[in-house]
*Asks:* 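Here it is, the structure, as structure tokens.
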There are 2 protein chains.
Amino acid sequence: MKFENQPPYSLGQRSPSQKDAGDGGNVTLVSQSTLGEINRGRVLQALYDHGPKSRAELARLAGVNRTTITGIVQPMIEEGLLVEGEAVPSDFKGGKPARPIYFNPEAPMLGAVLLLPGRTQTCLVTLSGEIKALTKAEFDPHGDRDAFLAIIKDTLSATLSQAQQAPFGIGIASGGMIDSDNGVILAVNLAPVLSGLPLVDILQTHFSLPVVIDHHPRALLVGDRWFGPGRGQQTFAAIYTGEVLGGAFYIDGRVYRGLAGSGGELGHTVVQIDGELCNCGKHGCWETVAALPWLRREAARLGLANPVGVTSARLVKEAAEGSEAADVLLDRYTRNVAFGILNLQQTLSLNSYVLHGDIAGGGADAAERVKQHVERLVRKRPNQEISITVNGIGEGHTALRGAAGLVLSSHLKLVI
Amino acid sequence: MKFENQPPYSLGQRSPSQKDAGDGGNVTLVSQSTLGEINRGRVLQALYDHGPKSRAELARLAGVNRTTITGIVQPMIEEGLLVEGEAVPSDFKGGKPARPIYFNPEAPMLGAVLLLPGRTQTCLVTLSGEIKALTKAEFDPHGDRDAFLAIIKDTLSATLSQAQQAPFGIGIASGGMIDSDNGVILAVNLAPVLSGLPLVDILQTHFSLPVVIDHHPRALLVGDRWFGPGRGQQTFAAIYTGEVLGGAFYIDGRVYRGLAGSGGELGHTVVQIDGELCNCGKHGCWETVAALPWLRREAARLGLANPVGVTSARLVKEAAEGSEAADVLLDRYTRNVAFGILNLQQTLSLNSYVLHGDIAGGGADAAERVKQHVERLVRKRPNQEISITVNGIGEGHTALRGAAGLVLSSHLKLVI
DNA sequence: ATAAGTTTGTGCGAAGTACAAACAAACTGC
DNA sequence: GCAGTTTGTTTGTACTTCGCACAAACTTAT
């Protein structure tokens, strides 16, 4: 038959942003090789989420045949990524003892770099999250690009020289605007030396290792996911407050990036249309009312001592000691933080938020205040409890583990 | 070896919302049957996105072997879902003529229901998007549940009786708060008779057909995706303005739902912390400044004639005729609409927005104004153009096609 | 009219991966 | 020592994609 007299297959006009892709465009079939990779990644992810497990336990968790699991894990045992543990006496009457499987401590490690304006840290991270060979350095944020590259290469070389074997790759967490698809630091206002730097290509060429980069809040999220309170969760968000405000989300088992890593600019969502001028040029951004500059300016207005040194941790402490001004300011600040989380919750229903940075410094008390404000604002849904926690691990360490986790995600295909 | 002396595999405490799932929890491996289903769905999706294609063309698009495509499509031709078209003379010198493949016009159709307060429409939709057997009915929004169920069953029966064979299933688009996982209408403020109704189970039992339900803006999105300006796109959003404001997003090839369909309550994200009281109980929601109530109240304030009849279409027309008040009001209104899109863009970088409802009634002019406001507010990223279009198809028809598309998504596994 | 060249669609066997069943190994309790 | 149970391994089957060769159907040149 002829395919004529059919209604046009696009009944509305196509929008201009995405006309037909070229050959081999967005049609992706899954091959059997890909199937194998997907399943290997999911087995490894299950070990991250559930800890050491035997083949039979993994088979039960996945609802598949024991021989399927053996077929998946045996090659990884043989190549040294996984190792078999000692037999565990059974909980049952009789029964062959189970042999749990987990990551080989002698497997290659992961390289990690944290890039902050003017300073950098590098380290190695084991597959189970231990940090080794931590090295720190400083650089001139307005200095010469070649000088910076020499410093970063030297610092990384010092770190990598302490590994017995080549790591799987190097992950980089950086502030600023990052193009994570092309591995380029687009702009860092506080460290112009970094702006425009194709750091991934440079380091890949220099070290002959895979290199991945993402921006700092997303690295925090990945750190939460693999080694912190997000472990085993399918959906949650990381929110960072400090001099600036940022966030990232993990949705249905994937880090949300948006096009070229541009998603998640939460600090510049607007919560007060006619609010104060933001440094991005707009008015009333969430960052203008939920970051340290606002907090310190209000502390000065309320007459708190040494306002430039005010932090959430200090306010929690002073409120506990009876200071009403501290209590009032902390309440207003946590309410402002809550507005952005409310908008995120209304938009995406993530239900679980991990706080980092200054607000995390306020501990469980600050988190509980934020949670109470969010619950007052969000319309309740059946069976949907909102969780707001803090990541109690030191800031640099979460970001470094997160940078390492970027390598896990891309190299071991732990996330599909 | 023993797995002792290892760092605890959760270095931070887990947040309380999602402890370890039960057996068979969130570990999902992919089997070869699933692989086949995924690939069949992707081939069908490619036909939706690209129109009739031959096996060789599909193989090129997907980057796989021609025998792979033959193995996938032949069973669907044999079972009547697809059909081979007439040979198309080659563009080349020589070469066997290609046989394009597309949906069989005699394949089963899709059932669709649109549920609005007090009225309903049902129809059949062909796989290529034609609407047939459209039936309308009214019901008492405060009436008796059994009376309503009788009306909906009768209306659907009338529609389904005009199909030569049983449709694939029935999709329902409804206003209000919907639990799309369990198929329950949780609450509809303007039609209390629907609140708490497990409509999916009721209709599945009555008609012995698969039934799916989702809320109205998401059905609009699905309609855009399969049959409208979203066709072939991997990422875009649908925004609906009217008496209320709502939206939905399609991200990386999937409809975003959030837990039990709760994501996407865009109307109740806050854009003005100390703004006017919203009917949800909060202050300053996007809906309070970007829906018809605000528009009509401001029209009255500005002294426009017949303010209760003001719409975007009317303002566009009057502004074109020289009314400065209309022009000013339209500009303020499109700016308010732009704030919510700005926040969505900052959060998710969707880049492509399809407008529905009243704002779409303002046509390309209103869309262009919204776009200009958004572009003034959003910080430019390299290679990221923002597109804002309107879906020019009649409102009811997009939603009905969207309801039908819900069946496509779930029954034919066109979206993974 | 025939042959060369090209593209599409089909047939056949190989490869990769999961599944089912049976069996061996390793235990507990009687 | 044997029955019962669980874990891990072996063997063969099933499903799906891939590679290669060949048939079919055309255009162009001789």
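Side-chain atoms are counted along with the backbone in the values below, which use heavy atoms only and exclude waters and symmetry mates. Below, chain A is the first sequence line, B the second, and so on; all start at residue 1.
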*Asks:* Would you mind checking if A:Arg257 and A:Asp214 are paired as a salt bridge, meaning a charged N to carboxylate O distance below 4.0 Å?
*Replies:* yes
*Asks:* At under 4.0 Å between heavy atoms, what does B:Arg55 touch on the DNA or RNA strands: base, sugar-phosphate, or nothing?
*Replies:* sugar-phosphate
*Asks:* Do B:Thr67 and B:Thr70 have side-chain N/O donor and acceptor atoms under 3.5 Å apart?
*Replies:* no
*Asks:* Taking atom types as modelled, find out whether B:Ser54 and B:Glu57 have a side-chain donor-acceptor pair closer than 3.5 angstrom.
*Replies:* yes
*Asks:* If you check every side-chain atom of B:Asn65, which of D:dT7, D:dT9, D:dC18 has the closest atom?
*Replies:* D:dC18
*Asks:* How close or far is atom C1' of D:dG8 from atom NZ of A:Lys53, stated in whole angstroms?
*Replies:* 18 Å
*Asks:* Paired stems touching DNA chain C, three or more consecutive Watson-Crick or G-U pairs with both distances under 3.5 Å?
*Replies:* C:1-30 with D:1-30
*Asks:* Could you check how far NZ of A:Lys96 sits from C1' of D:dT5, rounded to whole Å?
*Replies:* 13 Å
*Asks:* Using a heavy-atom cut-off of 4.0 Å across all strands, would you classify B:Leu29 as base, sugar-phosphate, or nothing?
*Replies:* nothing
*Asks:* Name the first nucleotide and the last nucleotide along DNA chain C (5' to 3') that come under 4.0 Å of a heavy atom in chain A.
*Replies:* C:dA15 to C:dG29
*Asks:* Mind calculating the distance between CD (B:Glu86) and P (D:dA25) to the nearest angstrom?
*Replies:* 15 Å
*Asks:* In whole Å, what is the span from the CD1 atom of A:Ile69 to the C1' atom of D:dT9?
*Replies:* 15 Å
*Asks:* Not counting sequence neighbours, which residues clear side-chain contact (heavy atoms from CB on, under 4.5 Å) with A:Glu106? List them please.
*Replies:* A:Asn104
*Asks:* Under 30°, 30 to 60°, or over 60°: which ring-plane class applies to A:Tyr48 and A:Phe227, parallel, tilted or perpendicular?
*Replies:* perpendicular
*Asks:* I need the CZ-C1' distance between B:Arg42 and D:dT16, as an integer number of Å.
*Replies:* 15 Å
*Asks:* Between B:Arg225 and B:Gln234, is there a side-chain donor-acceptor contact under 3.5 Å, judged purely by atom types and distance?
*Replies:* no
*Asks:* Does a side-chain N-to-carboxylate-O contact under 4.0 Å join B:Arg401 and B:Glu130?
*Replies:* no
*Asks:* Want to settle it: does A:Ile72 or A:Pro97 sit nearer the 5' end of DNA chain C, counting the closest nucleotide to each?
*Replies:* A:Ile72
*Asks:* To the closest 0.5 Å, what do you measure between OG1 (B:Thr126) and CG (B:Leu110)?
*Replies:* 8.0 Å
*Asks:* Toward the 5' end of DNA chain C, which comes first, A:Gln32 or B:Gly94, by nearest nucleotide?
*Replies:* B:Gly94
*Asks:* Nearest whole angstrom, please: distance from the P of D:dG19 to the CZ of B:Arg66.
*Replies:* 12 Å
*Asks:* Taking the nucleotide of DNA chain D with the nearest heavy atom to each, does A:Thr70 or B:Thr34 sit closer to the 5' end?
*Replies:* A:Thr70
*Asks:* In plain terms, say whether A:Asp49 and A:Arg42 are close enough for a salt bridge, that is, a side-chain N and a carboxylate O under 4.0 Å apart.
*Replies:* no
